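Below is one structure, written out as structure tokens, with a few remarks after it.
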Amino acid sequence: MRSPVIDDIHSVLNAPNSVADDIALMHAKSRQEMEAVTQIDFETLGREPEKTDDDVMGYPHGRPRKKKKARISRHNIEYPQLPAAFVRQVAHTAMQTTGFVNQRISADTLEALTQASDWYFEQLGDDLAAYANHANRRTIEERDVITLMNR
């Protein structure tokens with residue numbers, strides 16, 4: 001006659017091991033995925049991947065992003081735009097010093113201020129280059145900036 005403890009031990013030892021089965025299943029899946037990735041489908045090679053139809057807030061491929069325009073100077077040099085947050089902060093500070101407190105700035109006004117600041121800094125660079133050229137130099141020095149700001 002067998003003891004009930006031995007029967008319990010045998011049932012535990014002979015029970016299917018779910019962790020080992022899960023690990024083996026993961027290895028098999030990863031092997032299949034790697035084989036699928038490494039196979040080349042010559043029919044779709046070079047085409048754009050098909051986008052899924054997961055609607056994000058009513059847009060089929062997510063929210064459309066605004067395309068940034070490349071800013072190009074008069075000398076055909078691309079340059080970055082001043083951040084809109086900085087332009088807004090300067091405008092708010094200027095309005096507070098003149099007595100306009102908590103005034104809102106519309107998007108059109110902010111765009112116009114950003115464009116005007118771009119033009120200002122481009123003109124500033126041209127003037128500094130003219131000062132350096134007048135002194136037969138290729139380097140803009142501190143005294144050029146001081147002279148321009150005193151003008």
Side-chain angles (χ1 to χ4, degrees), residues 12-151:
V12 168
L13 291 176
N14 293 333
N17 188 351
S18 62
V19 175
D21 293 342
D22 289 344
I23 292 173
L25 184 63
M26 284 188 340
H27 285 300
K29 281 186 180 179
S30 66
R31 223 178 288 118
Q32 288 173 351
E33 289 173 359
M34 282 302 294
E35 289 174 1
V37 168
T38 56
Q39 290 177 351
I40 298 174
D41 186 9
F42 291 103
E43 292 179 13
T44 60
L45 187 67
R47 289 190 205 159
E48 287 287 322
E50 293 182 15
K51 296 182 179 179
T52 59
D53 289 333
D54 42 334
D55 293 331
V56 178
M57 296 179 63
Y59 297 102
H61 303 295
R63 182 176 298 275
R65 300 187 186 268
K66 287 185 178 178
K67 293 183 181 180
K68 292 186 177 182
K69 297 178 186 174
R71 304 255 181 205
I72 299 175
S73 70
R74 287 181 260 187
H75 310 289
N76 291 329
I77 298 172
E78 189 173 337
Y79 64 95
Q81 180 181 358
L82 277 176
F86 176 73
V87 175
R88 182 180 290 122
Q89 182 181 3
V90 170
H92 276 294
T93 304
M95 286 191 306
Q96 287 175 352
T97 58
T98 57
F100 296 109
V101 181
N102 293 330
Q103 295 291 323
R104 292 186 176 204
I105 300 174
S106 68
D108 295 335
T109 306
L110 188 63
E111 182 64 32
L113 286 171
T114 304
Q115 181 65 43
S117 63
D118 285 345
W119 288 339
Y120 173 75
F121 285 117
E122 189 169 345
Q123 183 64 45
L124 195 75
D126 289 342
D127 291 345
L128 288 171
Y131 285 168
N133 285 338
H134 182 72
N136 294 325
R137 287 183 277 115
R138 295 191 66 194
T139 305
I140 296 172
E141 295 180 355
E142 182 181 353
R143 62 184 173 191
D144 297 331
V145 177
I146 293 170
T147 306
L148 182 61
M149 292 296 116
N150 287 334
R151 183 178 72 162

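Only a predicted model underlies this, so the values are computations on that prediction, with no experimental measurement involved.
- One finds the OG1 atom of Thr97 at 12.5 Å from the NE2 atom of His92 (value rounded to the nearest 0.5 Å).
- Taken to the nearest 0.5 Å, the CZ atom of Arg104 stands 14.0 Å off from the CG atom of Leu110.
- The heavy-atom pair separating Thr114 from Leu82 by the smallest distance is CG2-O, 4.1 Å.
- Taking the side chain as every heavy atom from C-beta outward, Leu124 and Met149 approach each other to under 4.5 Å.
- Shown here for Tyr131 and Arg137, the closest heavy-atom pair between the two residues is O-NH2, 4.3 Å.
- Ala132 approaches Ile140 most closely through the heavy-atom pair CB-CG1, 4.3 Å.
- Rounded to the nearest 0.5 Å, atoms CG (Leu148) and CZ (Arg143) are 14.5 Å apart.
- Interatomic distance, Ile105 CD1 to Gln89 CD, rounded to the nearest 0.5 Å: 10.5 Å.
- Remark: of the listed residues Asp118, Val90, Val87, Val87 is the sole one forming a side-chain contact (heavy atoms from CB on, under 4.5 Å) with Leu113.
- Rounding to the nearest 0.5 angstrom, the gap separating the CG atom in Asn136 from the CZ atom in Arg138 is 12.5 Å.
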